[in-house]
Amino acid sequence: MPETSYASCGDLSLAYQVFGDGPVELVFAGSFVSHVELFWTMPEFEAFFEQLATFCRVLLFDKAGVGLSDPVPKVRTLDDRAAEIEAVMDAVGFGKAVIFGVSEGGPAAMVFAATRPERTRALILTGTFSFSAFEWDDVDGDPAELRARAASIYPEVDEKYWPSTEQIACAPEFWRAARSAWGSGAALKCLAPSIRSIRQLGTLERMSASPGMARVTIEASFRIDVRPILPTIAAPTLVIHARDDVIPVQLGWYLADHIPGARILEVDGRDHVPWLADPDRITTEIEEFLTGSHAAPPQSHRALRTVLFTDMVASTQHAAATGDERWRAVLHRFGEITTELTERFGGTVVKSTGDGNLTTFDGPTQAIRCAEALRADAETLGIQIRAGIHTGECELLDNDIGGIAVHIAARILGQAGADEILVSNTVRDLVVGSGTGFEDRGSVELRGVPGTWQLLSVDRHGPSAGSAEAELVSAPTPGPRTAMRRSDRAAAVMARRTPWILRGMARVAPATGRR
C-alpha cells in the first residue's frame, strides 16, 4: 500500500497517497465514501488502481471530513471541494492533471475543470450528475408523480434525460438506508451489489464518514445544479456510466451531450464505482482516452469566473453635498478597501467603473462574502453600495475580462437597490451549504441578454429558520471515528500494516446478508 501523507488546505489536513509510474498525472476526486487505506483491502480496488498506475501517476485522497482527513464542522461547498483538489495537487507538485470525478465528487471536479482550465489536462466523470430534480424529502413520494413534477419544474430539460418511474422507484432504498441505517452496510449495498459481504460494506461506511456527514453530503447533492457550468468546460471529457446504476444513466447522457466534445462510455452492470462495473473495459478505455491520438483542444483563454459589480448609490448627490475634494478622498479610501477585501477573499480587481468596481472570483461564495464585507465597510464611510453577481464563462483578456457573464452581472447590478446584493439563480445553486440566505426577487428580462432570469437578494441575516439551507448548515458533521466500532479500529490497523490479510478475507467473504 502506498504511504499516506497529509496536505494542508487552509486549517485542514487532507490524507493522500501517490503511486504509479505512468507519464499522466491523475487526481481521483472520489465520493464521501472514502478511506485511502481501507480501500486497498478490497481486491477489486487494488486491481483497478494497479492497472491505472501502469500509465498514470495517481493521486488518491480523502476529502475533508472523510476517512483519514480532518473532520469539519459543517457541510462543504463546491468551492471548498474544488479547493481541496487544488491543495493536494500543490502538495505533490502536480501542475496539470486529469481530474477523475466520481459520484457526488463529480460536480466539484466539473467546477475545478471550469475554473482552473490551466490545471486540467482532461476530465473523467463516472456515476455522476449535474443536477437533481428531486429533494431529500421526496424519498417516500410516488415515482410517477415525482417524475411529472420534475419535468414541470425543469421544462427546458428534454424528456430523454429523465429517469423512468422504475429507476426512480429503486432510489428510495438507498436514501432510506443512508438516512437511518448508515454504518450497517445497507446503503453501500445499494451502490455496490456485487460485493458479497455486508460486514465489509458496513465497516467501509463507518470508517469513511459519520452518519451526520453522510446525511448532509447526500442532502446537499440533491440541491446542487451545475448545468450552467457544463458548456464552459474546455478539457477533453470522458463520461462513464453503468446502465443500471442507482444514479440513472440518463444523467450521464446529459453530461455527455452538454459538455463540449464529451463522449460517453456505457458499461453493463449495477455497481456505482468503476472498479466493480466492468473494470477491465473501463481501464482500457481510459488508457486509450489519455494516451491515444485524440487531439488536444486549442489553448483556451476562457474560464468560469464569478463576476461582482459594485456601484455607489447616489454618488452625484454625495459629491454635491460634501464637496469635490472630500468626495475624492472617500472614493480613494473605498478603492483601497475594495482592493484589500478582494485580495482577502481570493479575488481580483479588474478595473474601476467610476463609482464602483468590477472584480472576479474563482467561486461565488467568496464573491458574496466580499460583497457583504464591502457593504459593511461602505456604511462606516457614510455611503451605500449595491452589488450584482453572476457566475459564467468569461474571456480572459490582458488586464481585463469579457464575455456574456460580465454583461449579465452588469445588468443584475442595474436591478439592485441600495444596500442590496443581487445574484442570479446560477449563483444560488452553486453555494449550497455556504449558509447564505436568499430572498426571491422574481424573474426579469435583462437588457441585451436572451431569456428571463430569476434574481435573488442575499439576506443579511442568513437563511431563514426552518429553511433547507438553515437545516443543512446547522446539521452536525462529526468525523467518522465517532461512529467506528472497536472492530473498525482493528481493521484500520490491519489496513495499514497487513492489508493483504483483509484482501484475503474479502475474497472468501460470506454471501450477502450473512455477517
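Bear in mind the structure is a predicted one, so any value in this text is a computation, not a measurement.
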Do side-chain atoms of [X] reach the backbone of [Y] as a donor and acceptor pair under 3.5 angstrom?
X	Y	answer
T339	G335	yes
R386	A416	yes
S467	S464	yes
T120	P117	no
Q167	V246	no
N357	T359	no
R411	L446	no
S31	V33	yes
D62	L68	yes
T477	M213	no

Between [options], which is the residue that forms a side-chain contact (heavy atoms from CB on, under 4.5 Å) with [X]?
X	options	value
I282	I240, T126, L276, L238	I240
F100	L59, L26, V58	L26
D225	T426, N425, D429	D429

What pair of heavy atoms forms the shortest contact from [X] to [Y], and how long is it?
X	Y	value
D271	A242	O-CB, 3.6 Å
G101	A109	CA-CB, 3.8 Å
L290	C56	CD1-SG, 3.9 Å
A220	L472	CB-CD2, 3.9 Å
I264	A256	CB-CB, 3.7 Å
S221	S132	O-CB, 4.4 Å

For this session: Could you please spell out the steps behind the salt bridge (Lys or Arg N to Asp or Glu O under 4.0 Å) verdict for R119 and E25?
Result: CA-CA 11 Å; R119 303 204 68 176; E25 295 175 342; over 6 Å; no
Exercise. When you look at K96 and E118, which way does the salt bridge (Lys or Arg N to Asp or Glu O under 4.0 Å) test go after all the steps?
Worked result: CA-CA 7 Å; K96 191 171 187 177; E118 74 285 355; over 6 Å; no
Just verifying a value: how many Å separate [X] [atom1] and [Y] [atom2], rounded to the nearest 0.5 Å?
X	Y	atom1	atom2	answer
L265	H241	CG	NE2	11.5 Å
I229	L78	CD1	CG	7.0 Å
T310	L341	OG1	CG	10.5 Å
Q366	S434	CD	OG	10.0 Å
I99	M89	CD1	CE	5.0 Å
I421	L308	CD1	CG	8.5 Å

Polar contact flag, side-chain donor to acceptor under 3.5 angstrom, [X]-[Y]:
X	Y	result
E420	Q415	no
H390	T306	no
T348	R305	no
Y161	D257	yes
E439	S457	no
T115	D362	no

Exercise. How are the rings of H258 and Y254 set to each other: parallel, tilted or perpendicular (split at 30° and 60°)?
Worked result: parallel
Exercise. What class does the angle between the rings of W275 and F28 fall in, given that below 30° is parallel, 30 to 60° is tilted and above 60° is perpendicular?
Worked result: tilted
For this session: Give the C-alpha distance, both sets of side-chain angles, the deciding distance and a yes or no for side-chain hydrogen bond (donor to acceptor under 3.5 Å, both in side chains) between T4 and Q17.
Result: CA-CA 5 Å; T4 301; Q17 296 174 346; 3.1 Å; yes
Exercise. Could you go step by step and tell me if F361 and T342 meet the side-chain contact (heavy atoms from CB on, under 4.5 Å) rule?
Worked result: CA-CA 9 Å; F361 299 81; T342 301; 4.1 Å; yes
Exercise. Is any NZ, NE, NH1 or NH2 atom of the basic residue among R375 and D419 found under 4.0 Å from an Asp or Glu carboxylate oxygen of the other?
Worked result: no
For this session: Could you tell me whether E104 and K63 have a side-chain N and a carboxylate O separated by less than 4.0 Å?
Result: yes
For this session: May I ask you to check whether over 12 heavy atoms, not counting those of R270, lie within 6.0 Å of atom CZ?
Result: no
Exercise. Just wondering, more than 12 heavy atoms not from E445 lying within 6.0 Å of its CD?
Worked result: no
Within a strict 4.5 Å, meaning less than it, do heavy atoms of the [X] and [Y] side chains meet?
X	Y	value
I337	L374	yes
I401	E395	no
L397	H301	no
V432	T77	no
I389	I412	no

For this session: Using the side-chain contact (heavy atoms from CB on, under 4.5 Å) rule, take L123 and V98 through it: C-alpha gap first, then chi angles, then the decisive distance, then the call.
Result: CA-CA 6 Å; L123 182 63; V98 177; over 6 Å; no
For this session: In sequence, state the C-alpha distance, the side-chain angles, and the governing distance for F39 and H35, and then conclude on ring pair (Phe, Tyr, Trp, His ring centres under 6.0 Å).
Result: CA-CA 6 Å; F39 269 160; H35 189 290; 7.9 Å; no
Seminar exercise, completed: The single option from R428, R369, E469 that satisfies side-chain hydrogen bond (donor to acceptor under 3.5 Å, both in side chains) with T436 is R369
Problem set entry | Residue list, salt bridge (charged side-chain N to carboxylate O under 4.0 Å, His left out) with R57, at least two apart or on another chain | none
For this session: Let me see the working for C394 and V307 under side-chain contact (heavy atoms from CB on, under 4.5 Å), right down to the final yes or no.
Result: CA-CA 9 Å; C394 295; V307 181; 3.7 Å; yes
For this session: Show your reasoning for whether side-chain contact (heavy atoms from CB on, under 4.5 Å) applies to V36 and Y16.
Result: CA-CA 7 Å; V36 292; Y16 73 87; over 6 Å; no
For this session: Would you check, one step at a time, whether the test salt bridge (Lys or Arg N to Asp or Glu O under 4.0 Å) holds for R281 with E287?
Result: CA-CA 10 Å; R281 185 181 176 197; E287 182 172 13; over 6 Å; no
